[in-house]
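The block underneath contains the structure these notes are about, expressed in structure tokens.
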Amino acid sequence: MSQPTPLLLIAGGSRGIGAATAIAAARDGYDVALTYANNKAAADNVAREIHNLGRRAHVIKADTALEGDIENIFQEVDAVGGLEAIVYNSAVTGKNSSLAEVETETLRQVLDINLLGAMIVAREGAKRLSRKHGGKGGSIVFISSRASHYGSAGEYVWYAASKGGVDSLTVGLARELAPEGVRVNAVSPGPIDTDMHRPGRLEEAIKRFPFGRAGTPEEVAEAVMFLVSERSAFTSGAILNVSGAA
Ligand code: NAP
């Protein structure tokens, strides 16, 4: 009997790094389940590109701050079958300010999407991928940020702290799931040219970057797909900087 096409789930696959990863995954032979929160048109464009590459795309609307939406993602993924890997890419920064000026609601939203959402998606993924739970093993990749080391003072320290949590989650979960056949890694991008930055921020910051430029979403996607695939079979618990030395 022929094997089903492997399925990669990308939370936040509609724009930026997530969209580039979805397309790179299709190129590497995966069908892709990609989620979006608000931007259906962008998600549909990514799905079209995946179809053009001869693979299937499943577009799912989900706010990963909401556990019910995450349950829905996995119901859809279970119905498709063949889940082999998960990329948790969804994240927001909240409006730039000092900590003294930020609303508690922003702090909750950022932590709920960036960290709690990553944990719940990884938990549900582990139940499906882990050999202990009857799965075949697989790979989980979190998208962290170099902000976890630099702290994003004066801009969004809460965002940086959420990514510090993602780094710890990567290391701990990698050890927890290693005996169960699931590898867990993170990619930690430096400044990448996406919608995440307020207008003018990157142009201003470029002057301080060692490479003298920002990275592209496609350059991050290459690293993500290395960690997703068996090309990195002995790599787990790694946090791979894709940051042009920043
Ligand atoms: P982006 O272009 O702003 O895309 C963010 C993605 O997250 C979109 O797919 C968006 O969906 C989704 N999303 C937003 N709110 C969500 C929610 N409530 N629930 C679920 N998904 C939600 O961001 P990006 O720059 O590609 O960043 C991708 C990842 O890389 C993030 O984890 C970010 O922290 C990390 N990163 C980025 C940079 C950078 O310089 N860009 C640097 C370091 C790390 P919609 O399209 O529906 O809004």
Side-chain angles (χ1 to χ4, degrees), residues 9-24 32-47 59-70 72-73 86-96 105-106 108-118 120-122 141-152 155-156 158-167 169-170 186-199 201-206 208-209 211 213-221 223-224 239-244 246:
L9 165 64
I10 305 185
S14 47
R15 289 184 292 120
I17 292 166
T21 302
I23 292 159
V32 183
L34 62 114
T35 79
Y36 71 96
N38 302 300
N39 207 327
K40 182 173 188 315
D44 287 343
N45 276 339
V46 176
V59 174
I60 306 167
K61 179 171 169 56
D63 176 349
T64 52
L66 305 175
E67 189 166 1
D69 281 18
I70 295 176
N72 182 49
I73 294 173
I86 297 171
V87 176
Y88 192 85
N89 173 72
S90 298
V92 295
T93 59
K95 202 166 139 260
N96 288 26
E105 195 188 329
T106 300
R108 278 197 210 290
Q109 191 206 23
V110 169
L111 288 169
D112 282 354
I113 297 170
N114 299 10
L115 184 54
L116 190 58
I120 297 176
V121 166
V141 178
F142 297 113
I143 309 302
S144 183
S145 171
R146 292 292 289 148
S148 70
H149 280 249
Y150 294 122
S152 305
E155 291 196 307
Y156 26 67
W158 48 88
Y159 166 82
S162 75
K163 295 297 187 175
V166 168
D167 289 353
L169 178 63
T170 303
V187 168
S188 188
I192 308 300
D193 192 0
T194 71
D195 302 341
M196 185 168 256
H197 305 277
R198 66 178 153 73
R201 179 179 186 270
L202 269 186
E203 291 73 7
E204 179 55 32
I206 273 169
R208 302 190 302 271
F209 301 159
F211 273 39
R213 68 170 177 89
T216 66
E218 291 73 23
E219 287 170 322
V220 182
V224 176
I239 299 169
L240 176 56
N241 293 347
V242 181
S243 62

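Numbering of ligands and ligand atoms starts at 1, following listing order. For reference, positions follow the sequence shown, starting with 1.
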Output all residues satisfying ring pair (Phe, Tyr, Trp, His ring centres under 6.0 Å) with Y36, sequence neighbours left out; order by chain, then residue number.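 Y36 satisfies ring pair (Phe, Tyr, Trp, His ring centres under 6.0 Å) with no other residue.
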Partners of D112 by side-chain hydrogen bond (donor to acceptor under 3.5 Å, both in side chains), sequence neighbours excluded?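 Expected list: none.
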Name the residues in contact with ligand 1, where contact means a heavy atom under 4.0 Å away: which are they?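 Answer by chain and number: G12, G13, S14, R15, G16, I17, Y36, A37, N38, N39, A62, D63, T64, N89, S90, A91, V92, I113, I143, S144, S145, Y159, K163, P189, G190, P191, I192, T194, D195, M196, H197.
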Is there a side-chain contact between L115 and V166 in this structure, where contact means two heavy atoms from C-beta onward sitting under 4.5 Å apart?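 A side-chain contact exists here, since the closest heavy-atom pair is under 4.5 Å.
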Consider only side-chain N and O atoms of S148 and D167, and report whether a donor and an acceptor are under 3.5 Å apart.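 The criterion, which ignores hydrogens and geometry beyond distance, is satisfied for D167 and S148.
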Just jot down the salt bridge (charged side-chain N to carboxylate O under 4.0 Å, His left out) partners of R15, sequence neighbours excluded, or say none.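 With neighbours one apart ignored, the set is D195.
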Nearest heavy atoms of V59 and A43, plus distance in Å: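 That would be CG1-CB, 3.8 Å.
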